[in-house]
Amino acid sequence: MEFPKELRYTETDEWVRVKGNIATVGLSDFAQDQLSDLVYFESLVEIGDTVEAEGNLATVESVKSAGDVLSPVSGEIIEINGDLEDEPEIINTDPYGNGWMFKIEMSDPTEVEGLLTAEEYQDQSEG
Amino acid sequence: MHEPTIYEISVEGRQGVRFPQPDVPETQFPENFLRQELPLPELSEIDAVRHFSGLAQKNYSVDAGFYPLGSCTMKYNPKINEQVARFPGFLHTHPLQPITTVQGNLYLMYHLQEYLKEITGFSGVSLTPAAGAQGEFVGVKMIKRYLEEHGQSHRNKLLIPDSAHGTNPASATMNGFDTLPVPSNSNGTIDMDVLAELCQRDDIAGIMITNPNTLGLFEKDIVEVTRLVHEAGGLVYGDGANMNALLGVAKPADFGIDVMHLNLHKTFSTPHGGGGPGAGPVVTTDRLAPYLPGPIVTVLEEESEDTAPLYGYLTPEKTIGQVKAFQGQFGVLVKAFTYISMLGAAGLRRVSEYAVLNANYLLANLRDTYVVPYDGLCKHEFVLEGVWKDIPDIHALDIAKRLIDYGFHPPTNYFPLIVHEALMIEPTETESKDTLDAFIAAMKSIAKEAREDPALLHAAPQSTAIGRLDEVKAAKMLNVCCLPQYNQ
Amino acid sequence: MFIPHTYEETISMLKTIGFEHIDELFSDIPAPLRNANLDLPEAMTEMEVSKYLEEISQANETTQELMCFLGAGYYNHYSPAIVDSMLRIGSFYSAYTPYQPEISQGTLQVIYEYQSLICALTGMEASNASHYDGATAAAEAVLTAFYQFNKKRSNVILSHFINPQYAEVIDTYASDLPQVNIIHHTAEDADIPSLIDKDTALIVLQYPDFLGNIKDYSAIVNTAHEHGALICVIVNPIALGLLIPPGEWGADIVVGEGQPLGIPLWFGGPGLGFFATSKKMIRKIAGRISGETTDANGNRGYVLTLTAREQHIRREKATSNICTNQALLALAATVYLSALGKHGLQQVANTCYQNSHYAAKEIQAIDGYTLINTEAYYHEFVISCPVPVNEINNHLLDHGILGGLDLSEMYPEYENPVLFAVTELNDREQIDTLVEVLREFSHA
């Protein structure tokens, strides 16, 4: 189970990678393991949409479960990973790399401070 | 070996059932509306009979064996029900016939209504909902309507125990409510402290409870639960799926429930049909009765010395509206009526006595082999954990699949959600001691195998014509229709 | 009665549990609640109950004694013997929902075949395993459309000519979803395009419509799609033996009542709601779906698929709460369509059309009776009568005829309107008898 140190996490199992003003968002390794083989990914937002932190970004489905992807931060959607619609299993195999889901231009970069560190998230998940 | 589909058996030019030619002068069908192709298969009657009979042989069923399925009440479906429901007098009546021509049907529905009220202690009833889930939808909507009428629309939160069946929160959402979970305590019953705290809120619309709950435990504090919710300004919805434990023993109306649904295809012996049809009548107290969906059968004219009563329909004044066309799953209602007529009060009580006896007997024999998270006297069902701390590789699913090799349908698994790797077992009263003993032996044997030869569980089932199926592949392929043009 | 335990077994089992008396099994129920003396009639043996129910059933008049010209959503058709003989098989009717696919391939394959047949009839790409009936299927279509647009579009337009019961059920289902606005159109369908805008989620049409009319809806479909709105068509499955299916003229969702497909009238239930749509929308629909797959050895099999949408997983996020559906009736429809096949269904569909047009023409020829339908119609039609419909129907009943539905309240724009339905079971002799009795009210 991986919890990359340079990322921040939410209590709802999303991760955030920050580069300047841009936040890249995905589901954690723990989340994909819980969901098991994903068969479906659907984005609920479009490029240009504004989102609030904890707003619904996407739905993912496996055979035994379904989950929502919630936004860790507020801002504007600037990119969506188009590969996930046809190959949602990338989220299982590479959750932190090619399984990235959204790129958001943050409206309030300080929000990231309030998210969990890798250590805190690991404690929460495995505790 | 799979059975080919009807399309694969189809041979051009074959026809099964034929019809006479029309004997009226011909009218030309408008060309612009005439379809060019009708891609239906062509089978002879014997092809069809062999095909469907062959498929029938690939099904497990109550007629074939035991289903220890918690929350489903898979009791024996009396054959007489099948016969009676097909009496021509019932089979060939149109739902919109004038009431004077269907007094038999209306008599039956009226008395079934009375019986269900008597059994549950409620004063209002509607037979129209087509299934338990629809009954829930109706009951929750009735609560909503009542609150609106009494200036309580701000109450938009429904409390739902974390052990509840998934249809409960779904029914809440369909009616525009938000849900608040109520945790269970370490005994497996509603956490009264948390409930009391939640009832301090001013936006509580009510609570959806199941009693006995989905762990098979009787909520001892039920009267306090309903009192707290009523005091908080809310109403109580009862999920009647577990009624098999209470027949002739306790009346849910006495618990303080305001509205409840029943599952005729569980408690009242109507068959499951491979996934329906069911029926989910709703019973209620006086204050919610005006909101019931119609049509409800009533006595329009009392009987006199030489005439029978005249039965007809009524729609309650403040009804939430119709929830399906016509008056309900009549063909199912006939079976429930027949069952209750055969059993009578004493027979119904025996049903619950033996349902609870059978469940406790199984529990007594299995508690040393499996972990029972909430142990003690259970009602008609109980929950085991399908996992042992010292055998991390075995899960409820493996035990379930291995049971198939022993000739049993698996119990309900992964429900309720509050038990880890749950296996919910409900034997029902129609299973004999022999069957239960065989089941116990199988469960014990599997527990032993889990320790000594887990590969047997992981590979299970091996005795069936087909093994574990690839569900991921099904979801990705999404082949849900065998017409060639729809599958790339 | 169905409890197999002997006295000795009961005592032995109680002993294992640690009890002496059966009443102890209920000691966890507080004493004040342990009170259920049920006031019910005396128990009966099977023999007695059979007689009792037979008497009850004989207090009805049925479509076997009466000539039935009543339809309005439920129809008197011939159900071939093979249908009921399959429904009587214990391993079909006493089986549970196929959650354990290895031991439920029978049910799962039947559902898969049923889904395929519904696609064939409707011209759509995907069907679910059924809803309770046509009305609830239509209501679920409204919910589907609503969630398809992520609740951003609120208007649903119902044609004036859909079954009024379906409209009421849609109202009930939508009544507590405040963002959904059900518009009951009261004028002609031709006016609908002017109402469509980007806030329209769905338009619900019926084909043939409630008055029997077969209409070309292409103007509405085109306008709807231009604005991104969806079209739901309620259909009659027998009519689709002849009619161009909605899947071929732009329907997004097709629903209807499957009772005509070999299911008895049964006083209105259990019936069969079918629901079909495009593959694109399949994840948005409620209900079970059977899909093809393989096991580890490559054997073909079927499983319930896309279950993550359903209530037992999504819980409060599910778009519908449906659990039990109408599986056994889906089996009936599958057997019916397999037994009739392409040619059989075309025969039945054609006979219904022929018989109804003969009836309409003969009735129209009676002075005082007018056929309201001016364009193409299928097996139902509306006659405007010289006297109130209930008078006519009472008289018809005295002559052993079940008259059509009195439409006076639902469609007050017509004078003494009655909706007649004619099927393959109404032969020329029956129709001629109907005409003769109707003639007694003629002005002539």
Side-chain angles (χ1 to χ4, degrees), chain B residues 2 16-17 19 22-24 27 30 35 39-40 42 48 55-56 58-63 84 87 89 91-93 95 101 104 130-131 133 166-167 169-171 175-176 271 273-278 321-322 325-326 329-331 344-345 356 360-361 432-433 464 466-467 473-474 479 481-482, chain C residues 4 9 13 25 38 40 43 53 56-57 59-63 80 89-91 93-95 97 102-103 105-107 116 119-120 132 135 165 172 176 244 264 266-270 291-293 295 300 305 311-312 315-316 318 321 323-328 339 341-342 347 351 354 357-358 428:
Chain B
H2 72 256
V17 177
F19 288 81
D23 57 355
V24 297
T27 308
R35 75 186 288 168
L40 293 178
E42 297 171 74
L55 288 180
K58 294 169 136 202
N59 260 7
Y60 195 84
S61 62
V62 174
D63 272 11
V84 161
F87 284 160
L91 214 57
H92 300 293
T93 43
T101 63
T167 50
S171 302
N175 283 302
Q322 267 185 270
F326 314 119
Q329 310 257 58
F330 183 75
V356 175
N360 280 284
Y361 179 73
S432 70
K433 182 173 177 295
T464 47
I466 202 160
K473 184 175 181 183
N479 176 344
C481 168
C482 54
Chain C
E9 286 169 336
M13 292 169 77
L25 291 168
L38 301 179
L40 293 171
L53 268 294
I56 296 173
S57 74
N60 293 327
E61 288 179 68
T62 74
T63 58
I89 299 179
S91 53
Y93 80 75
S94 73
T97 309
E102 301 89 341
I103 48 178
Q105 286 300 296
T107 299
S116 306
C119 289
Y132 310 129
Q165 288 196 73
T172 308
D176 291 288
I244 303 178
W266 247 334
F267 201 45
E292 190 185 294
T293 185
D295 72 358
R300 183 214 283 176
T305 190
Q311 49 75 27
H312 60 286
R315 297 176 68 92
E316 71 279 358
N321 69 353
C323 190
T324 299
N325 53 309
Q326 305 288 103
L328 195 68
K342 181 157 109 170
Q347 264 194 306
T351 304
Q354 298 300 330
H357 283 71
Y358 173 69
R428 184 169 186 158

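Remember, it's a predicted structure, so these values are computed and weren't measured experimentally. Order of the sequence lines fixes the chain letters, A, B, ..., with proteins taken first and strands second; residue numbering starts at 1 for each chain.
Per-residue heavy-atom pair counts under 4.5 Å with chain B were compared for E9(C), E61(C), K342(C), H357(C), and the maximum is reached by K342(C). For the set G341(C), A95(C), G90(C), the entry with the most heavy-atom pairs within less than 4.5 Å of chain B is A95(C). Among G276(B), G16(B), G176(B), the residue with the largest count of heavy-atom pairs under 4.5 Å with chain C is G276(B). Of the listed residues (A43(C), P264(C), G291(C)), the one with the most heavy-atom contacts under 4.5 Å to chain B is A43(C). Ranking V62(B), L91(B), V84(B), V356(B) against chain C, the residue ahead of the rest is L91(B), based on heavy-atom pairs under 4.5 Å. For chain C, the option among A48(B), S432(B), G331(B) with the highest count of heavy-atom pairs below 4.5 Å is G331(B).
For F87(B), the part lying near chain C is the side chain, with the backbone staying farther off; criterion is any non-hydrogen pair under 4.5 Å.
Looking at heavy atoms from C-beta onward, I103(C) lies out of side-chain contact with N59(B) at the 4.5 angstrom threshold. At least one side-chain heavy atom of I89(C) sits less than 4.5 Å from a side-chain heavy atom of S91(C).
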Legend entry - Trace of the side-chain hydrogen bond (donor to acceptor under 3.5 Å, both in side chains) decision for T93(B) with N60(C): CA-CA 8 Å; T93(B) 43; N60(C) 293 327; 5.0 Å; no
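By the salt bridge (Lys or Arg N to Asp or Glu O under 4.0 Å) test, K433(B) is found to be paired with D437(B), residues two or more places apart in sequence or in another chain being considered. Under the side-chain contact (heavy atoms from CB on, under 4.5 Å) criterion, A135(C) pairs with A325(B), D133(C), Y166(C), V169(C), sequence neighbours left out.
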